[in-house]
Amino acid sequence: MAKKTEQAYDINKVRNIGIIAHIDAGKTTTTERVLYYTGMVHKIGEVHDGAATTDYMEQERERGITITAAAVTASWKGHQVNIIDTPGHVDFTAEVQRSLRVLDGGVVVFDGVAGVEPQSETVWRQANQYSVPRICFINKMDRVGANFNRCVDMIVERLHGNPVPLQFPMGEGAEFAGIVDLLAMQLVTYGNDLGTAIEVHPIPESLREEAETRRAEMIEKIVENDDYLTEKYLMGEEITTEELLPALRDATIKGKVHPVLCGSALKNKGVQLMLDKVVELLPSPLDIPAVRGLDPKTDAELVRTASDEEPTAALVFKILTDPYVGRLAFFRVYSGVVRVGTTMLNTTKGQRERIGRIVRMFAANREDIEEVHAGDIAAVLALKESFTGDTLSEMENPIVLEKISFPEPVIEVAIEPNTKGDQDKMGMALRRLAEEDPTFRIEVDDKLGQTKIKGMGELHLEIIVDRMMREFGVQASVGRPRVAYREAITKAVRIDTTFKRQTGGSGQYARVVIEYEPLTDEELPLAKDGLLFVEAIKGGSIPREFIRPTENGIREAMSGGVLAGYPVVGLKASLVDGSYHEVDSSDIAFKVAGSMSLKDGVHKGKPVLLEPTMKVEVNVPDEYTGTVVGDLSSRRGIIAGMETRGAGATAVRANVPLGEMFGYATQIRNMTQGRGSFTMEFEKYSIAPQTIADEVIKGAG
């Protein structure tokens with residue numbers, strides 16, 4: 001493949017953005033238009049035809065959904081725009097999470113009819129978590145039932161955002177004919193179906209009064225974030241667009257306002273105007289705070305600014321197995337320059353990595369480049385030890401950047417290869433897929449001699465199995481989905497455990513006194529893998545070298561569970577006392593004592609089984625609302641609310657245990673003659689009723 005001649009790199013003109021939204025809001029369609037208008041493709045591919053550029057996996061094209069975040073580099077008005085088209089389905093929320101970790105800005109796409117949907121809330125919350133500035137694009141303004149004002153109101157009510165409309169539509173639904181630009185005070189229409197013949201007109205008299213009112217509201221919201229403009233505004237002086245833009249950009253980057261645009265990506269309207277605002281309002285790598293990390297030797301905090309002159313620091317945020325070139329590691333360079341032929345240090349694992357070949361990704365296609373500068377995103381081939389969340393740095397100036405945390409899987413299925421030949425291939429295939437996806441886990445049950453795979457939902461595991469069969473040629477039988485339960489205690493207990501064994505010669509001796517109690521909400525963030533271990537030994541009754549083995553014993557026993565073999569979570573364990581023997585005590589003795597103590601503590605701490613509760617939203621035509629509500633209640637669901645979604649449709653929100661939701665996709669189709677749809681995401685673990693717990697414990701016995 002020919003190497004591309006890179007243009008002079010200007011970090012000020014780089015934009016790293018994500019297209020994020022609820023499933024079916026039009027992210028991939030919007031991305032496809034961006035590629036067309038920036039000249040990256042010469043023909044628009046449609047999601048419904050299975051031809052979208054960024055949906056290049058077979059599973060994506062068949063289902064018409066995005067599964068894996070695709071990275072694309074495009075150019076707009078002299079700016080380099082690195083775009084990541086993220087999935088909208090909640091089962092693939094980790095893709096959004098890891099993308100947001102390395103992006104500087106986001107375009108949140110909303111369905112003009114449905115407005116703010118459940119996954120819109122999730123991605124908005126994730127963007128808040130990573131302090132990602134964003135602009136809003138209200139899409140599908142051409143659809144019947146589209147309502148711009150309602151969508152803006154929902155951004156306030158459901159997302160607690162501060163929307164500032166910079167445009168409003170001329171007509172809605174079938175009447176949608178153009179976009180009124182409130183900054184330039186002009187009407188934009190399109191002279192052809194491809195959206196390339198942009199026509200600018202004065203605002204018609206029929207819209208003049210509304211435009212002036214909306215512009216006054218826009219100015220008021222922008223100036224309140226700028227002291228100089230506030231003073232000017234209060235003095236009654238006119239504020240020009242040239243003055244407004246810098247203030248708007250500053251407020252957007254600080255996350256104080258969320259500019260709102262509108263259009264119809266499918267009908268090719270509004271995308272170029274949205275691109276203009278991406279380069280005008282969203283930050284370059286220089287506009288965001290410097291990245292912070294730790295010195296792996298001293299744990300001292302280090303800061304890296306976005307400059308080629310700084311020591312190199314990069315974060316691997318995604319692994320992709322390419323059938324032609326092998327494993328690709330996507331990375332974001334925060335400082336310095338990553339060059340082909342250099343050796344870097346994976347500071348997370350303490351391993352050396354040679355940078356052999358760097359490619360700039362264009363969805364499924366690649367072009368070779370020699371170096372990647374600060375602030376840029378690219379992919380490197382054939383890294384041996386580096387996976388999602390790992391830091392790459394210079395050998396002489398190591399730094400460890402904050403890792404990316406992912407939610408725990410809530411569903412599992414047993415999987416069995418059909419033949420001996422499939423067995424070896426299946427192990428390799430599952431390892432490869434787990435390298436790509438940090439929310440996919442593999443567990444081998446030695447007692448039953450079976451392999452279990454765990455994921456975020458039925459669709460997630462269905463896609464994993466489908467890929468395993470197609471891409472790796474493995475034939476396997478898959479069991480029924482099972483809920484990933486958890487175990488916990490409900491009362492505090494103090495356990496005094498002695499492990500003593502004498503078998504001729506030196507024996508084994510360890511005594512530990514541990515207080516177990518349920519974690520409080522304040523302590524939860526401090527826990528690691530469900531346990532907050534506290535060393536509260538007074539007077540050195542146990543030497544320091546035996547404290548870590550005790551903790552390891554507790555953790556090991558927690559992972560195997562006590563009631564029904566499910567992991568114990570939400571536990572605080574305080575090691576308060578104990579004793580040891582000069583000769584007979586050892587690491588292994590204290591590890592065994594820790595394990596015995598945990599099992600005893602859970603038994604005596606009024607143990608309960610926890611089940612995952614899901615936040616479910618069902619969209620149905622009004623005439624089926626009663627049927628759906630009744631069905632959700634019969635599934636132990638608690639109805640959380642209902643609201644109108646467009647003409648003649650209602651959204652029912654409920655909290656339902658995951659175990660009651662298997663097969664619901666078929667059920668909702670049958671109940672609503674194929675007209676209903678639902679989304680579901682994990683909310684929390686709740687105590688399972690005793691009848692359910694008894695069944696699960698009996699099944700595990």
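The shown structure was predicted, so the numbers you read here are calculated from the model rather than taken from an experiment.
A donor-acceptor pair is defined here as one N or O able to donate and one able to accept, closer than 3.5 Å; such a pair exists between the side chain of E353 and the backbone of K384. Put simply, the side chain of R327 gets close to the backbone of L383: a donor and an acceptor are under 3.5 Å apart. Judged by distance alone, the side chain of E471 and the main-chain N or O of M468 form no donor-acceptor pair under 3.5 Å. Judged by distance alone, with hydrogens and angles left aside, the side-chain atoms of E394 form a donor-acceptor pair with the main-chain N or O of T312 at under 3.5 Å. A donor-acceptor pair is defined here as one N or O able to donate and one able to accept, closer than 3.5 Å; no such pair exists between the side chain of S585 and the backbone of E582. Between the side chain of T298 and the backbone N or O of A300 there is at least one donor-acceptor pair closer than 3.5 Å. With hydrogens and angles ignored, the 3.5 Å screen pairs no side-chain donor or acceptor of R332 with any backbone N or O of L315. Panel note: side chain T497, backbone A593; no donor-acceptor pair is recorded below 3.5 Å. For the pair E556 (side chain) and S595 (backbone), a donor-acceptor distance under 3.5 Å is absent. Side-chain atoms of R101 come within 3.5 Å of backbone atoms of E402 as a donor-acceptor pair (strictly under, hydrogens ignored).
For the pair H460 and I464, the minimum side-chain heavy-atom distance is below 4.5 Å. Counting heavy atoms from C-beta on, the side chains of R511 and D496 come closer than 4.5 Å. Side-chain contact between T343 and I355: absent, with no pair of heavy atoms (C-beta onward) separated by less than 4.5 Å. Side-chain contact between L345 and L392 is absent, with no heavy atoms from C-beta onward closer than 4.5 Å. L598 is not listed as a side-chain neighbour of I495, based on a closest heavy-atom distance of 4.5 Å or more.
In this structure, a donor-acceptor pair under 3.5 Å is absent between the side chains of S586 and Y509. For the residue pair S686 and T613, a side-chain donor N or O sits within less than 3.5 Å of a side-chain acceptor on the partner. The closest side-chain donor-acceptor pair between Y580 and S541, if any, does not fall under 3.5 angstrom. Of the N and O atoms on the side chains of D694 and Q690, at least one donor lies less than 3.5 Å from an acceptor on the other residue.
Within 6.0 Å of CD1 on I638 lie no more than 12 heavy atoms contributed by other residues, nucleotides or ligands. Open room surrounds CD1 on I687; 12 or fewer heavy atoms of other groups in view lie less than 6.0 Å from it. The environment of Q351 atom CD is dense: over 12 non-hydrogen atoms of other residues, nucleotides or ligands sit within 6.0 angstrom. Atom NZ of K425 sits in a crowded spot, with more than 12 heavy atoms from other residues, nucleotides or ligands closer than 6.0 Å. Other residues, nucleotides and ligands contribute more than 12 heavy atoms inside 6.0 Å of the CD atom of E545. Residue K403 places its NZ atom among more than 12 non-hydrogen atoms of other residues, nucleotides or ligands, all under 6.0 Å distant.
How far CD1 of I554 is from OG of S559: 12.5 Å, rounded to the nearest 0.5 Å. Rounded to the nearest 0.5 angstrom, L294 CG and T347 OG1 are separated by 10.0 Å. Distance check: F499 CZ to I588 CD1 gives 8.0 Å after rounding to the nearest 0.5 Å. The distance from the CD atom of Q508 to the NE2 atom of H581 is 11.5 Å, given to the nearest 0.5 Å.
Taking a cutoff of 4.0 Å between a charged side-chain nitrogen and a carboxylate oxygen, E436 and R432 do not qualify as a salt bridge. Ion pair R480/E412 not flagged as a salt bridge, since none of the NZ, NE, NH1 or NH2 atoms sits closer than 4.0 Å to an Asp/Glu carboxylate oxygen. The residues K698 and E695 are annotated as not salt-bridged, no charged nitrogen and carboxylate oxygen being separated by less than 4.0 angstrom. The pair K591-D587 does not meet the salt-bridge criterion, since no charged nitrogen lies less than 4.0 angstrom from a carboxylate oxygen. Salt bridge K349/E385: absent, no basic N to carboxylate O contact under 4.0 Å.
Here the closest heavy-atom approach between residue V656 and residue V616 is recorded as CG2-CG2, 4.0 Å. Annotation for A492 and P518: closest pair N-CD, 4.3 Å, computed over non-hydrogen atoms.
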N346 vs T391, side-chain hydrogen bond (donor to acceptor under 3.5 Å, both in side chains): CA-CA, chis, key distance, verdict
CA-CA 6 Å; N346 177 328; T391 304; over 6 Å; no
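The cationic group of R548 does not satisfy the cation-pi geometry with F546, failing either the under 6.0 Å distance to the six-membered ring centre or the 45° limit from the ring axis.
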